[in-house]
Amino acid sequence: MFVIGPVIEVYLAKTLLKFNRCLDLLQGAIFVKTYAARMKAFFLILFGGVITGFFMLGCQDSGQHPAGQDKIQVKVPSFHDGRYRLETKTLDTVHDLRQLRGEAARFLYAPGYENGQLVGQEPRLRFMKNKDGVYVAQDSLSLQLITMYAQLEELMKLDERLGIKSLNQWPRLVAYNVQVTNGDPRMKYNNALYSGQLDSFLFVPYTRSELPLAVNAGVVAHEHFHSLFYKLVLKKLGGFFVQTSSTELHQDAVVTSRIDEKRSSAEVYHVSLLRAFNEGLADVWGWVATGDSDFVNRSLGFEKARGMDIEDRSQIPTASEWGEKIQGLSMSDAIDLSYPLGAQYAKLIKQTTSLRINRSTKHGDNQAEIRFETAVALIRTLAGLKDAVAQLGKGELLRPSILLEILSRELPGMDSKICKDLSLRTQRESAAKICKNQKEGG
Amino acid sequence: MRRISGALILFTLLGVSSASAVERSVLTSQKVNSSSSRITVGLGLDVRMERTEEQTQKSQNFSQVLVGLERERFGGWIEYGRSPLLTSGNETLKVQRQSENILMAVSVRANDLKVVSPYLAIGVGGLREKVETILYQDVSAEESGWTFLGMGAFGLRFWPDSGYLISTELRVLESTQLDPNPTFAGALHLGLVF
C-alpha cells in the first residue's frame with residue numbers, strides 16, 4: 001500500500017500535467033489571432049460541412065424511381081372490407097414513376113384530337129419516398145393517376161388469368177382531364193368513358209366532392225369491360241354497332257357526335273339493347289373485379305339507383321315490350337333508356353351470384369374465387385351473345401332475356417332454386433330457356 | 001450532383017490551402033483587427049418556380065430565417081426555409097404538401113462599393129417533403145428523408161457597411177426533388193448586422 005500509493009500519485013500527476021498542456025493548446029486554438037488562420041478555420045468547417053453533406057445528403061434517394069427496377073411500393077386508396085382506405089401496394093410493371101409509364105398503362109393530360117388519334121403530353125407527376133421506402137404522391141393528380149395505374153395493373157393480371165390479355169393492347173391509353181369543347185355539354189364534367197374507335201379511356205374533369213372517378217376501382221373496371229365488350233361483340237359484328245361503341249359511366253352524358261341519327265327501328269332496337277347489355281355487364285364486372293357492388297354511388301351520388309344490392313323484383317321486358325318503349329325515339333334517346341335496363345340486368349346477375357356465394361361460402365369456398373368464376377362466365381357469355389346477334393334472321397329481334405339465358409348456362413353452381421328464381425324474372429317466353437343447354441338462334 | 005459536390009470539395013480545399021499559405025506568411029505579425037467580423041441575422045423570402053398539377057409553372061414562396069457571419073468581402077450563412085401548406089383534391093380525397101430546406105452558403109462580394117455591392121454565393125444543404133393524405137376520415141402523414149440541395153446565386157447587397165442586411169439574389173437551385181430541376185428562384189433578405 002505504501003509503495004503503490006506514491007506510484008499512483010506520480011502517474012496521476014503526470015497525466016494531469018499532460019491534460020493541462022492539452023488545455024493550453026485548445027485555449028490557444030480557440031483564440032486564433034490571425035485573419036488567415038480564421039479563414040482557414042472557416043474553410044475547414046465548410047469543408048467538413050460539404051463532406052458531411054455529401055455523405056449524409058448526397059446519396060439520399062431523391063424519390064425518383066431507379067431505372068431498371070420494376071417493383072415499387074406505393075401508397076394508394078384501395079377498396080377493402082366495404083370501404084376505401086389508404087394501403088401500400090406493390091406495383092410490378094412501372095418503368096418510369098415520374099411520367100408513369102409501364103406495362104399496364106400510359107397517360108395523356110388534357111390531350112387534343114388529331115387525325116383520329118389522341119395527341120398530347122404525358123403528365124409529370126410528383127412523388128417522394130418515405131422512410132419505409134414507399135412512394136407517396138405529393139399532389140392529387142399524382143395520387144389519382146398512380147391509383148388508376150395500380151387498378152389497371154390488377155385488371156391486366158385478371159385478364160391474363162382469364163386468358164384474354166391479348167384482346168387489348170397494353171399499356172392501355174388513358175386520357176385524363178379531357179376537355180370537351182363541343183357535343184353534349186353534360187359530357188364536360190364528372191364522367192368517364194371508353195372509346196372503341198380510340199381504344200382509350202377518357203376521364204373528363206371531376207368537380208364533385210365525392211370519391212374521384214379516377215380513384216374508383218369499380219369505375220375503372222367498368223370502363224375496362226367496355227373494351228372487352230367492344231372487342232368480343234361489337235367489333236366482330238361490325239357495321240353500325242362499331243359506330244356506337246363510345247360508352248359512358250353516367251347515363252346523362254351520351255356521345256352523339258358519332259351516332260347517325262337516321263336509323264331504322266331495328267337498328268335503334270338492337271343498338272339500344274346491346275347498350276343495355278354492355279352497361280349492365282360492365283357494372284357486374286366492376287363488382288367482380290373489385291368486390292364493390294355500389295361503386296357508382298361512391299363517385300356519383302345521384303346514381304344511387306344503380307347500386308347492385310338494391311332489390312329489384314321487376315321483370316326483364318320482352319322483345320315487343322322493349323320495342324314499344326323505344327318506338328319512334330332517336331338513337332340517342334333510345335340509348336338514354338338503355339341505362340336503367342342495364343342497371344336491372346346488373347342487379348339480377350349480382351343477386352344470382354350472391355345466392356351462389358351464400359351457398360358456397362357455407363362450404364368454406366372463397367368469395368373472390370366465386371367472383372372469378374363469374375368473370376369467366378361473363379366472357380363466355382359475350383361470345384354467345386355475339387353469335388346470337390350474328391344468327392338473327394331478317395326482321396328478327398333479339399330477345400332482351402337472351403343475356404340471362406346464355407349467362408345461366410355458363411355460370412357454375414346454378415342449382416334448381418337459383419335457376420327458378422332467375423326464370424321468374426324473365427317473361428314466360430324465356431323462362432324455360434334459363435339454365436337449359438340448348439342452342440339459341442335468337 | 002457528384003460534379004457539384006466535387007466542385008465544392010475542391011473549392012474548400014483550395015480555400016484551406018490558400019488560407020494556410022497566407023497564415024504562414026503573416027505568422028510573425030500577430031496583431032490582427034479581430035473586431036471586423038460581423039454577425040448577420042435576418043428573414044427572407046425565396047420565390048421559386050414549380051410545376052403544378054395542371055402541368056404549368058407557378059411561383060412558390062418559401063419563408064426563410066437566416067443567421068450568418070461576415071468579414072469584409074467574405075460571408076457565410078445558414079438559412080432555413082419553408083413553403084406554405086399546399087392543398088389539392090376535394091373533400092373526400094385531399095393531399096397536403098409542405099417543403100422545407102436548410103442551406104449553408106458562402107459568399108464573396110466586391111469590397112469597394114458602398115451603396116450596391118454585387119456578390120456571388122454557393123451553398124449546399126438539404127430539402128425535405130412532408131405530405132398528408134386525407135381519404136374520407138383516414139389521415140396518413142408521411143415525411144421524406146433529406147435530399148441534397150445545391151445552390152448558386154448572384155446577388156446585390158445594399159449598403160453593405162451599414163448595420164442592416166438588405167440583399168436580393170437570383171438563385172439556381174438543384175435537387176432531384178425539385179420540378180423543374182434545376183429551378184430558378186429569386187430571394188430577398190432583410191435583417192440586422194451586429
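To find a chain, count down the sequence lines: A is the first, B the second, and so on, and within it residues start at 1. Small disclaimer: the values here were computed from a predicted structure and weren't measured.
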I need the minimum non-hydrogen distance between [X] and [Y], along with the two atoms involved.
| X | Y | answer |
| --- | --- | --- |
| A:V220 | A:F203 | CG2-CZ, 4.4 Å |
| B:R128 | B:E143 | NH1-OE1, 3.4 Å |
| B:H189 | B:G44 | CD2-CA, 3.9 Å |
| A:L211 | A:S299 | O-OG, 2.5 Å |
| B:D46 | B:A185 | OD1-CB, 3.4 Å |

So that I can tick it off, tell me whether [Y] and [X] are bridged by a salt bridge, with the cut-off set at under 4.0 angstrom between side-chain N and carboxylate O.
| X | Y | answer |
| --- | --- | --- |
| B:R38 | B:E72 | no |
| B:R171 | B:E79 | yes |
| B:R51 | B:D179 | yes |
| A:R83 | A:D81 | no |
| B:E142 | A:K75 | yes |

Using a cut-off of under 4.5 Å for heavy-atom pairs, which of [options] has the most such pairs with chain B?
| options | result |
| --- | --- |
| A:S140, A:P123, A:P77 | A:S140 |
| A:L141, A:D132, A:V134, A:N177 | A:L141 |
| A:R126, A:K131, A:R208, A:E210 | A:R126 |

Close approach to chain A in residues 58-68 of chain B, criterion heavy atom under 4.5 Å =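 The stretch does not come within 4.5 Å of chain A.
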With chain A as the partner chain, list the residues of residues 94-101 of chain B whose heavy atoms fall under 4.5 Å from it, by residue number, and write 'none' if nothing qualifies.
-> B:V95, B:R97
Give the member of B:T52, B:L93, B:L86 that has the highest number of heavy-atom pairs under 4.5 Å with chain A.
->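 The option with the most such pairs is B:L93.
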Output a table of donor-acceptor pairs, distance under 3.5 Å, between side-chain atoms of residues 116-123 of chain B and any protein atom two or more places apart or on a different chain; print 'none' if there are none.
{"unit_1": "B:S117", "atom_1": "OG", "unit_2": "B:A110", "atom_2": "O", "d": "2.6"}
{"unit_1": "B:Y119", "atom_1": "OH", "unit_2": "B:E169", "atom_2": "OE2", "d": "2.8"}

Do side-chain atoms of B:S175 reach the backbone of B:F148 as a donor and acceptor pair under 3.5 angstrom?
-> yes
Main-chain N/O of A:G286 paired to A:D292 side chain as donor or acceptor, under 3.5 Å =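 Absent.
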Toward chain A, the part of B:L178 with a non-hydrogen atom under 4.5 Å =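 Contact with chain A involves the backbone of B:L178 alone.
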Select one option (side chain, backbone, both, neither) describing which atoms of B:E132 are under 4.5 Å from chain A's heavy atoms.
->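 Nothing of B:E132, per the 4.5 Å heavy-atom cut-off to chain A.
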Relative to chain B, which segment of [X] carries a heavy atom at a distance below 4.5 Å: side chain, backbone, both, or neither?
| X | answer |
| --- | --- |
| A:Y84 | both |
| A:V215 | side chain |
| A:A137 | backbone |

Min side-chain heavy-atom separation [X]-[Y] under 4.5 Å:
| X | Y | result |
| --- | --- | --- |
| A:H80 | A:R85 | yes |
| A:L118 | A:V178 | no |
| A:V296 | A:E303 | yes |

Any residues in residues 142-151 of chain A near chain B, with a heavy-atom distance under 4.5 Å, and which are they?
->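 If one takes a 4.5 Å heavy-atom cut-off, the residues of residues 142-151 of chain A near chain B are A:L143.
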OG1-CE distance between B:T56 and B:M49, expressed to the nearest 0.5 angstrom | 8.5 Å
